[in-house]
Amino acid sequence: MTSNITRNRTAAASPLSRFDIEKIKADFPILNETVNGNRLVYLDNAATSQKPRVVINAIIEYYRKTNANIHRGLHKLAEDATRAYEATRAHTASFIGGVASEEIIFTRGTTESINLVACTWGEENIHEGDEIVITEMEHHANFIPWFMLAKKKKAVIRRIPITVCGHLDLNNIDEIINPRTKLVAVTHMSNVLGTINPIKELAAKAHARKALFLADGAQAAPHLPVDVKDLDVDFYVFSSHKMLGPTGVGVLYARRELLENMPPFNFGGEMISEVSFDRVTWADIPHKFEAGTPNIADVVAYHAALTYLEEIGMENIHRHEMELTGYAIEKLSRIEGIEIQGPQDVTQRGGAISFTDKDLHPHDISTFLDSKGVAIRAGHHCAQPLMRVLGKIATARASLYIYNNEDDIDILCNALVEMRRYFGL
Amino acid sequence: MTSNITRNRTAAASPLSRFDIEKIKADFPILNETVNGNRLVYLDNAATSQKPRVVINAIIEYYRKTNANIHRGLHKLAEDATRAYEATRAHTASFIGGVASEEIIFTRGTTESINLVACTWGEENIHEGDEIVITEMEHHANFIPWFMLAKKKKAVIRRIPITVCGHLDLNNIDEIINPRTKLVAVTHMSNVLGTINPIKELAAKAHARKALFLADGAQAAPHLPVDVKDLDVDFYVFSSHKMLGPTGVGVLYARRELLENMPPFNFGGEMISEVSFDRVTWADIPHKFEAGTPNIADVVAYHAALTYLEEIGMENIHRHEMELTGYAIEKLSRIEGIEIQGPQDVTQRGGAISFTDKDLHPHDISTFLDSKGVAIRAGHHCAQPLMRVLGKIATARASLYIYNNEDDIDILCNALVEMRRYFGL
Amino acid sequence: MSQSLDDLYREIILDHYRSPRGKKPLAHFDIISDGHNPSCGDELSLEVEMDKDHNTLKDIHVDCKGCAISTASGSILAELIKGKSLEEAKQIAELVKRILKGEEVEVPDSLGDLDALKGVRQFPVRIKCALLAWVTLIEGLKNYENGKGDKAVVSTEDEENKK
Amino acid sequence: MSQSLDDLYREIILDHYRSPRGKKPLAHFDIISDGHNPSCGDELSLEVEMDKDHNTLKDIHVDCKGCAISTASGSILAELIKGKSLEEAKQIAELVKRILKGEEVEVPDSLGDLDALKGVRQFPVRIKCALLAWVTLIEGLKNYENGKGDKAVVSTEDEENKK
Ligand SMILES: Cc1ncc(COP(=O)(O)O)c(C=O)c1O
Ligand SMILES: Cc1ncc(COP(=O)(O)O)c(C=O)c1O
């Protein structure tokens, strides 16, 4: 591929060489695939990330050597499986800043984690006239559960608006977060605009009003160092599949006292202490919230994803993505007809880059790019309310991760230029 | 291993040779493992089954070649992933007797499937004074959700008792299932006693009273041919991990009209049609019930498990297990001190064989067997109410599957004999 | 597979996309119908002026905010449906649905442009885009025949619902 | 690993299991405490007769419906605790908890049988079995010291709760 846009840095001077992207790329088998005759350029990481060999191998190993049901078995496989499953819990607890293992609940994903909080804590603590604060940039997963809860309880949803630059507009924040507020639920990083929100500041405002704070970390945990104690949030939720881990695993972190006082979510095996025909008592946390056989193999393999991320270092990952996002924004904005959504300052945003073409619909952009092997996403990104605020019916979104480099961005940009030619623009 | 109990059949005459167990065993990598210096004899299949190479490979293949998020993507990987995911849905629909694809909802497991029904259909249709019928042999997963629902709604739980032989006692059934009955929820096969229940007959009785019928197929779908239309059940639930598939995948079958009228379970992405800040409309079935990113890779790989089972043939699997269960019951009952729970007639039961030793606690049995490489389960098997009915605090349970053979049973029985010597009995 | 890209965006499609027919709003219309495709946000509005015989679709206006496929499909509709009878219009719409469902259908020469929609079938997620104009038309005609003067509203999700 | 099986079921353990001490119910008792382990169903009941000084555990009866480990652990308790002061009894129970938690502790010769419980640590799911008798004792003593004459009830799950 030759670039028809002048590269503004030489490879040697590139700070991206801080870690070896070629080596990282080689860890991801799928990146060797060709799509429509071209090398796969995967830029749909905000939807789901690819998996390094160590994660795939961890799944294989589990099924080949350890597979058993956990927590009740007295045979060796069951003990090994239980130990491996609980080791991931401990690792997850340390990954987000060193909380207690029991404060980590495994779910299917961010969506289920938020629904769990809404159905348990929310069901018991939200009453008529109470207010739940969200923002205009929430993913449906952090909007609809609160919307439905508010409807059921006759509570009120308040929303923090966004500025034209795609930041939260905090001008009226002390009116929006007020004494009636019971919960503030905000995405740590927007999956559409890339905006990184001031979680610590907002959590402090919520706590000043005696409200709780939930941060949706689906887009942040994969890309930034996260310390839930420093952020001082009450709930933090994220998905394994967006951070190199398997599908079907999500995390809910909540403070111990909250978990201890919340009623269970699902009912069944493993989450009870004693059951008779007239009486049921619950198991201790975290088991109280994990009814039935969990997604054992994938939880076990998620361990390998966390280790892989830590070996590279979350700080390094963040720095790499900041630089690459800057490079991408600069190149994209030089393409005729392309308009970028969200903040331009890379210190205040992550690598989910939404853009539109003044003439072409995002669906056509995505289909065209696919023919060049470039995978991006087009649509409302499960954020229809935000689309209305932006006045768009859809956007195209390229989203970056550790294995992406300047080449990938160059291929994307060249394809966009070619696309406009193809459609005769 | 030499047997100290006379074998009552010669290998040549064994009807078990109908399919080649050695070949099947070779398909399961874990069965080559040694545990505590002995070849693994895995007899804990009612807890979870082992996985054949084709299933493990399907997961690897997916992550190496296809991995993407589904349903909204316009790029090739996303289309391939969506197609593969939906192909499993179609396969599952045909596996249980040829229902419509949209009537299959993927969950995490049987437990979540039942909770889904309780939280949606149950929440809307169970009212004060209504009756929910269960049996004394239910797994906690098919008891606690109904118990909690009944408590919340001031409804009544009625239970079908069991006979001393471990069958359902249907003497008073027309009083238990009566005009106040709204739901009958019964396990197709008991995970403790092995009993196969007369689902078709009970479903007809429920329908005669205008009640709905849910069958818990967690132990049946892996072992018997199941035709939900012939059984005429309204809901049928089961878990992939007990039938050679990955952990983290469960199935809820429900009749289309039921699903269409049920409110959603979790809220988030993929399950909506349109969302504004004031209004939300749901997607069509099955998507309405699958909020957020599902466990894509494992659903895709579950396809391979279904294919593997079908290639052997569910009829053949059932027959093999009937024969092997007969062999096991006969040999076990000849061991001094061992008492078997549940029906003795193999045509009325499956291969989950609970037993006790008159002198030894099931935990000690399990620990001893593990030292010989034999994995069984000991405890209440998530059926504490049944344990009370049986007057046991726990049982030991050996449970069979397609890869078990007479050798495995011989090793189990020899170890039990040796165990009694070890403990000086 | 750049070949299949050209199959999706055939010359005819690109032509309709670049200069869509039926662009001009109508002074008078007897049928108005709005369609949308929630999964991608496409919106399409359709007006039909009927002839005095209450049977011929005299003129048609299609306004599409959507991708190349939904725009081109709407433009093809405007061109082909104009001057047709109610019955013919419905038959053509049903033909399009069958084409997009993947059935093997012969397209008569007079409806030649419809052939260009066959390329969409290789792109399953785009089928809804191509359908949008046609389900909007069907809903509008149904309303007209039932004697309702009100606006028809349809979504491609509803359509799928009925499959 | 049959070696580790013998480590779990050491001769001392098997001896206590086969002929548990403290089997005889007491005619009079001052402390009664019930413990159970919900995850495996083990149930243990413990009675203590105090000496006139209100400080010495004069006699003890342990009734265990459980596995070899919980039975043996209860029997060791009956043997070691008999004749000890309240303070000593509590110290021994704490020592057992530390042993089972995996801490490196020296077991004094006078409490030699406790050493046999060290093998349990390799069998994590069995630790609760070994603990049962001791947490039941602790609860009973607590109740007695608080001057409550009522029965103490404890579960190994509660115990874990406090960890
Ligand atoms: C910000 C945000 N929240 C929530 C989700 C939902 O995550 P999942 O689909 O893994 O449940 C996503 C991912 O799509 C997201 O980007
Ligand atoms: C009869 C029965 N029902 C329900 C379940 C629960 O299944 P899962 O743990 O996969 O949700 C089981 C398995 O333990 C079972 O045997």
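Since the model is a prediction, treat every value here as computed from it, not as a measurement. Within every chain, numbering begins at 1; the chains are lettered A, B, ... in the order of the sequence lines, protein sequences first and strands thereafter.
In this structure, chain A has a heavy atom under 4.5 Å from the side chain of B/Phe147, while its backbone stays farther away. Contacts of A/His380 with chain B are made by side-chain atoms alone, with heavy-atom separations under 4.5 Å and no backbone atom involved. Heavy-atom distances place the side chain of A/Glu33, and not its backbone, under 4.5 Å from chain B. Residue contact with chain A, scored on non-hydrogen atoms closer than 4.5 Å, involves the side chain of B/Arg388 exclusively. Heavy-atom distances place the side chain of A/Val389, and not its backbone, under 4.5 Å from chain B. Both the backbone and the side chain of B/Ile60 come within contact range of chain A, each with at least one heavy atom under 4.5 Å from a heavy atom of that chain. No part of A/Thr110 comes within reach of chain B, as not one of its non-hydrogen atoms sits under 4.5 angstrom from that chain. When heavy atoms are compared at a cutoff of 4.5 Å, A/Ile70 approaches chain B solely by way of its backbone atoms N, CA, C and O. At a 4.5 Å heavy-atom cutoff, the contact between A/Pro294 and chain B is made by backbone atoms alone. Interface residue B/Tyr42: only side-chain heavy atoms are found under 4.5 Å from chain A. Neither the backbone nor the side chain of A/Arg397 comes within contact range of chain B; no heavy atom of the residue lies under 4.5 Å from a heavy atom of that chain. No part of A/Ser239 comes within reach of chain B, as not one of its non-hydrogen atoms sits under 4.5 angstrom from that chain. With a threshold of 4.5 angstrom between heavy atoms, A/Asp278 approaches chain B through N, CA, C or O but not through any side-chain atom. In this structure, the portions of A/Asn266 lying under 4.5 Å from any heavy atom of chain B include both its backbone and its side chain.
Across every non-hydrogen atom of B/Asn295 and A/Arg108, the tightest pair is N-CD, 4.4 Å. Summarising the geometry of B/His363 relative to A/Leu74, their closest heavy-atom pair is CD2-CD1, 3.2 Å, with the distance given to 0.1 Å. The shortest heavy-atom contact between B/Ser273 and A/Gln384 is O-NE2, 3.2 Å. Between A/Ile376 and B/His75, the shortest heavy-atom distance links the atoms O-CD2, 3.1 Å. Across every non-hydrogen atom of B/Thr48 and A/Asn67, the tightest pair is CG2-ND2, 4.0 Å. The two residues A/Gly269 and B/Cys382 make their nearest non-hydrogen contact at CA-SG, 3.8 Å.
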side-chain contact (heavy atoms from CB on, under 4.5 Å) evaluation trace for B/Trp282 with A/Ile144: CA-CA 11 Å; B/Trp282 312 130; A/Ile144 307 179; 4.1 Å; yes
Residue pair A/Asn69, B/His241: steps toward the side-chain contact (heavy atoms from CB on, under 4.5 Å) verdict: CA-CA 9 Å; A/Asn69 213 327; B/His241 73 90; 3.8 Å; yes
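Aromatic ring centroids of A/Phe277 and B/Phe143 lie under 6.0 Å apart.
Considering NZ of B/Lys76 and CG of A/Asn36, their distance stands at 7.0 Å, rounded to 0.5 Å. The NZ atom of A/Lys51 lies 5.5 Å from the OH atom of B/Tyr63; values are rounded to the nearest 0.5 Å.
The most heavy-atom pairs under 4.5 Å with chain B, out of A/Thr111, A/Asp370, A/Ile59, A/Val275, come from A/Val275. Between chain B and the residues A/Arg377, A/His139, A/Glu274, the most heavy-atom pairs under 4.5 angstrom are made by A/Arg377. The candidate from B/Ala141, B/Ala118, B/Gly379 with the greatest count of non-hydrogen atom pairs under 4.5 Å with chain A is B/Ala141. Put simply, of A/Val374, A/Val35, A/Asp298, the one with the most heavy-atom pairs under 4.5 Å next to chain B is A/Asp298. Taking A/Thr367, A/Asn32, A/Leu77 one by one and counting their heavy-atom pairs under 4.5 Å with chain B, the maximum is reached by A/Leu77.
Within the 4.5 Å cutoff, the side chain of B/Val280 has no heavy atoms near those of the A/Lys151 side chain.
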